2 protein chains.
Amino acid sequence: MSPATRRKPRKSYHHGNLRRALLDEALATIRDRGVEGLTLREIGARLGVSRTALYRHFADKSALLTAVATEGFRLLREDLVSSWERGKGPAEQQAMGVAYIRFALRNPSHYRVMFSHFVDPALQHPELATEAAAAFQALVDSIVELQRQQFLRPDDPVLMARHVWAVVHGVAMLAIDGQVCEPGAVEQLTGYALERLRTGIARTAPEA
Amino acid sequence: MSPATRRKPRKSYHHGNLRRALLDEALATIRDRGVEGLTLREIGARLGVSRTALYRHFADKSALLTAVATEGFRLLREDLVSSWERGKGPAEQQAMGVAYIRFALRNPSHYRVMFSHFVDPALQHPELATEAAAAFQALVDSIVELQRQQFLRPDDPVLMARHVWAVVHGVAMLAIDGQVCEPGAVEQLTGYALERLRTGIARTAPEA
DNA sequence: ACCTGAACACCGTTCAAGT
DNA sequence: ACCTGAACACCGTTCAAGT
């Protein structure tokens, strides 16, 4: 064995995208062991880099989590906009609700960090605040459009958007926290909650 | 100064209810600095007690947080039942919704620990699972009664309860996370969300 | 019974030093 | 530029010892 073939077969430096590798390793660790089980030292060890290599890409642990949350809001917004822009009608808004809850279930690590207040209070980081606001704005936009189409009550769209957000956020949290554990129960709750939500904010009763 | 008058004027042992004092100090620290800012050493120091005194009352840090969560579910259930039993009608169910959100706002430390997954996954502690189930059951009971009174749709009461829970939980989380920060916005969202929720699950349209 | 201080293994972070 | 190893202050937890 030459000295080059060690436990970690690696060139002297970590090549290319260490930042992305750190984010991915953090996401995997959060998925497996939760946010409080995340340690910077173990991330470095798993990637075969020094404990301090991370500080070349993130100011500290909080900055790493902030980056996770920021990326999460961007991915969520992309999912929501993608669903909405297929037709910009009532069916697409229902699809947005499904997409929101599916995002949380498929990206629980992102979702937990986004909403579990592990980042600095009051969204101090401007990037994070911008992405979070953009995701919320996608919801407001769809509500304004459906109000224009006379499908929704003419209430304050921001207030209505907060209500819609509360519903899908509540379902998502119950789902990823395992509070709804029977097989199919998440899908059942998603469908029921979105249908009751629609009835609650619709301009006219569906039978009218 | 005699040796008895030290920095911490205290009898040799902590008298009486150290367990309660530890819980209260933990709640205050969580309120001021968040769950991740909670350290057992500082709690002991603040109470003028050794770092290890806590282990006479709690197995470990997780057990302390589990106790906080368990107490939170008990207090929440008491608030909900108290609101409901004033009349067991539609107005009292609305009051339960208000009480739920007010509980979260008045006891944010309890609420965060209850729902932020700082306790063992899958609610391993039977006491915690029992209290959480009891709080949920109070909601199911009120739904069954209002269905019997023909005020609510005759859907599966557990499914409807999960939906109602998702709505109030979503509003509560947005509120205590400071996502709704303008003065009066929380009360506005609470009133709006509960009214839209009622419309969504009511048996008949209110105008009929 | 309840509490204490020393000790152990661990963590985030800093820094002078390497390539 | 990017990475490294040693060092520092901190934390949860254990344990033999005190009253």
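If you're wondering where the values come from, they're calculated on a predicted model, not measured in any experiment.
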Using a 4.0 Å cut-off on protein heavy atoms (strictly under), produce a 5'-to-3' string for nucleotides 7-14 of chain D with B for base contact, S for backbone-only sugar-phosphate contact, and - for none.
----BBBB
In short, side chain to side chain donor-acceptor pair (under 3.5 Å) pairs touching residues 47-60 of chain A with sequence neighbours left out are A:S50-A:T52
Between C1' on C:dT4 and CG on B:L18, what's the gap in Å once rounded to a whole number?
13 Å
If you measure from the Lys or Arg side-chain nitrogens to the Asp or Glu carboxylate oxygens, is any gap between A:R31 and A:E25 under 4.0 Å?
no
Could you note down all residue pairs passing salt bridge (charged side-chain N to carboxylate O under 4.0 Å, His left out) where residues 133-145 of chain B supplies at least one of them, sequence neighbours left out?
B:E145-B:R148
Between B:H57 and C:dC3, is there a side-chain N or O to OP1/OP2 distance below 4.0 Å?
yes
Got a list of side-chain donor-acceptor pairs under 3.5 Å for residues 76-83 of chain B, not counting sequence neighbours?
residue	atom	partner	partner atom	Å
B:E78	OE2	B:R74	NH1	3.1
B:S83	OG	B:D79	O	3.2

Determine whether a donor-acceptor pair (N or O, by modelled atom type, separation under 3.5 Å) exists between the side chain of A:Q147 and the backbone of A:R153.
yes
Which pairs count as salt bridge (charged side-chain N to carboxylate O under 4.0 Å, His left out) when at least one residue sits in residues 83-109 of chain B, sequence neighbours excluded?
none
So A:F115 and A:H169, would you call those rings parallel, tilted or perpendicular, with 30° and 60° as cut-offs?
tilted
Let me check I have this right: for DNA chain C, each base becomes ., (, ), [, ] or |, based on Watson-Crick or G-U pairs with both distances under 3.5 Å. What is the full string?
||.|||||...|||||.||
Can you tell me if A:N17 uses its side chain to pair, donor with acceptor, with the backbone of A:R20 under 3.5 Å?
yes
